[in-house]
Peer 1: 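The structure that follows is given in the form of structure tokens.
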Protein chains: 2
Amino acid sequence: MVAQAPIRLLIVDDQALVRGALGALLDLEADLQTVGAAADADEAVQQAIELAPDVCLMDIQMPGDDGILATKRVREASPSTKVLVVTTFARPGYLRAALEAGAGGFIVKDAPPEQLADAVRRVHAGLRVVDPALAEASLFEGANPLTERERQVLRLAGDGHSAATIAAEVFLSAGTVRNHLSAAIGKTGAGNRAEAARIARDKGWI
Amino acid sequence: MVAQAPIRLLIVDDQALVRGALGALLDLEADLQTVGAAADADEAVQQAIELAPDVCLMDIQMPGDDGILATKRVREASPSTKVLVVTTFARPGYLRAALEAGAGGFIVKDAPPEQLADAVRRVHAGLRVVDPALAEASLFEGANPLTERERQVLRLAGDGHSAATIAAEVFLSAGTVRNHLSAAIGKTGAGNRAEAARIARDKGWI
DNA sequence: AGCCGAACATGACAATCGTCATGCGCGAGA
DNA sequence: TCTCGCGCATGACGATTGTCATGTTCGGCT
């Protein structure tokens with residue numbers, strides 16, 4: 001039997017150490033070969049065009065465009081490249097957003113290392129790879145219940161901005177800002193804006 | 001020349017994928033050998049005793065006891081083991097706390113992969129390894145200005161608890177809690193408790 | 001002993017926040 | 001077409017928060 005051409009990989013993660021370590025781990029597999037590495041969305045898109053890799057490993061948390069948006073851009077730039085999203089946080093909102101952005105798989109960094117190579121192979125074969133526990137949580141949690149305005153003001157409130165400050169930034173009256181926050185507090189089941197922001201972040205809603 | 005005995009490593013990180021990936025990266029070096037892996041502080045201490053590794057790679061963010069406390073416990077359990085703290089966040093407070101806990105080095109995950117093996121060798125040789133930029137920041141930021149009470153109430157406030165709730169948890173009057181929070185707000189230069197909590201977390205003060 | 005500063009504790013007062021009632025505009029379905 | 005529901009916007013009202021003046025305790029220093 002003739003040896004198959006290896007699956008060519010592009011690794012995207014803002015942390016250099018993680019890029020190198022994942023590369024080392026995957027290069028141990030005979031049928032996988034790391035051909036590129038990128039630290040942000042722009043580099044990722046450029047390398048996807050130049051290298052047309054078979055699979056792109058994508059971390060979600062990055063400075064600038066996040067991994068979700070980067071996934072969408074990579075898929076547009078190189079449709080033959082499958083994207084496997086690898087993330088630290090098992091947030092249902094992330095899973096949903098990643099799949100909608102065109103990701104072929106979603107795996108958390110808690111997963112055993114042996115599973116990673118398998119996930120890459122499955123994604124390359126066109127299969128959907130999703131952590132079962134996370135898929136269930138996503139179903140249970142349901143979709144993001146927050147409206148655009150609510151997300152917008154809640155993000156700012158979570159950073160400690162006052163209602164008046166937020167009102168000035170989004171061109172609303174302070175009362176309206178408080179009202180949107182109140183709605184967000186109700187939908188998250190929180191008792192105040194700080195807790196609401198924390199919960200929404202936990203679930204990947206903002 | 002006779003081959004040196006390899007440097008024996010214990011890797012501590014709550015994320016299985018990262019443990020495996022770091023292990024793969026370091027095992028590429030001829031003079032380094034991964035002999036153990038642990039997912040939390042308890043496992044780390046147990047393995048330090050059983051294996052007496054030369055160097056322990058320690059992540060800071062972990063469930064249960066954090067990496068700082070784990071460092072202290074590993075040093076006590078196996079004094080011959082040097083600890084190299086590896087963290088995602090370059091927070092000056094973390095650096096100071098890690099060194100006080102007995103860490104021999106502190107490196108962030110942004111660092112280039114080649115640097116990691118070198119850092120391990122230096123720590124093993126008994127040298128201090130610290131990211132220069134971070135050391136400067138630590139000097140500039142100074143020590144944690146918050147008192148014990150201020151840290152305590154600010155942590156709870158950051159999770160969205162109200163003054164009354166916090167008061168009940170720490171056995172103080174609501175007014176006293178507000179007063180401690182006010183002090184913390186002043187020391188962090190924030191405008192309210194939420195921002196104060198965010199800033200304090202950023203700097204590794206809570 | 002006497003003094004001093006730091007951490008901690010408390011209640012009064014003004015500013016800000018969370019909730020509610022109310023209204024507008026717009027797309028979906030009867 | 002006429003509702004109905006939803007997102008959005010606003011101001012009034014009670015609840016919570018942030019600040020300030022004040023007081024207590026405790027260790028260090030002269």
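Note: hydrogens, waters and symmetry copies are ignored here, and every other heavy atom, side chains too, is used. Remember, predicted model here, so these are calculated numbers, not experimental data.
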Peer 1: Could you tell me whether the side chains of A:Gln47 and A:Glu43 share a donor-acceptor contact shorter than 3.5 Å?
Peer 2: no

Peer 1: Out of A:Asp13, A:Val86, A:Asp59, A:Thr88, which one pairs with A:Val18 under the side chain to side chain contact (heavy atoms under 4.5 Å, CB included) rule?
Peer 2: A:Asp13

Peer 1: Distance check: side-chain N/O of A:Thr176 vs OP1/OP2 of D:dC8, anything under 4.0 Å?
Peer 2: no

Peer 1: Would you mind telling me which of D:dG7, C:dC8, D:dG18 lies closest to the side-chain atoms of A:Thr147?
Peer 2: D:dG7

Peer 1: Taking only the side-chain nitrogens and oxygens of A:Ser162, find out if one of them lies under 4.0 Å from OP1 or OP2 of C:dT16.
Peer 2: no

Peer 1: Among the nucleotides C:dA9, D:dT10, D:dG18, which one has an atom lying closest to any side-chain atom of B:Leu172?
Peer 2: C:dA9

Peer 1: Do the side chain of A:Arg149 and the base of D:dG7 come within less than 3.5 angstrom through a donor-acceptor pair of N or O atoms?
Peer 2: no

Peer 1: Separation of B:Leu146 atom CG from C:dA7 atom C1', in whole Å?
Peer 2: 13 Å

Peer 1: Side chains of B:Gln152 and B:Glu148: is there a donor and an acceptor less than 3.5 Å apart?
Peer 2: no

Peer 1: On the nucleotide C:dC17, are OP1 or OP2 found under 4.0 Å from the side-chain N or O atoms that A:Ser182 carries?
Peer 2: no

Peer 1: Nearest whole Å is fine: how far is C:dC17 P from A:Leu154 CG?
Peer 2: 14 Å

Peer 1: Does A:Asn179 contact D:dC8 through a side-chain donor or acceptor facing the base, at a distance under 3.5 Å?
Peer 2: no

Peer 1: Tell me the interatomic distance from A:Ile166, atom CD1, to C:dT16, atom C1', rounded to whole angstroms.
Peer 2: 12 Å

Peer 1: Tell me: CD1 of B:Ile185 to P of D:dC20, nearest whole Å?
Peer 2: 11 Å

Peer 1: Between B:Gly175 and A:Gly175, just flag the one whose closest nucleotide in DNA chain C comes earlier from the 5' side.
Peer 2: B:Gly175

Peer 1: Calculate the interatomic distance between A:Glu195 atom CD and C:dG18 atom P; express it in whole Å.
Peer 2: 11 Å

Peer 1: Between C:dT19 and A:Arg178, is there an OP1 or OP2 to side-chain N/O distance shorter than 4.0 Å?
Peer 2: no

Peer 1: Could you tell me the separation between the NE2 atom of A:His161 and the C1' atom of C:dC17, rounded to a whole number of Å?
Peer 2: 17 Å

Peer 1: How long is the line joining CZ of B:Arg193 and P of C:dT16, in whole Å?
Peer 2: 15 Å

Peer 1: I'd like to know if the side chain of B:Asn192 reaches the main chain of A:Gly160, judged simply by a donor and an acceptor atom lying under 3.5 Å from each other, with no hydrogens or angles considered.
Peer 2: yes

Peer 1: How close or far is atom P of C:dT10 from atom NE2 of B:His180, stated in whole angstroms?
Peer 2: 9 Å

Peer 1: Counting N and O atoms only, with roles assigned by atom type, does the side chain of A:Ser78 sit under 3.5 Å from a partner on the main chain of A:Val74, one being a donor and the other an acceptor?
Peer 2: no

Peer 1: Tell me which of A:Phe171 and A:Lys187 sits closer to the 5' end of DNA chain D, going by the nucleotide each one is nearest to.
Peer 2: A:Lys187

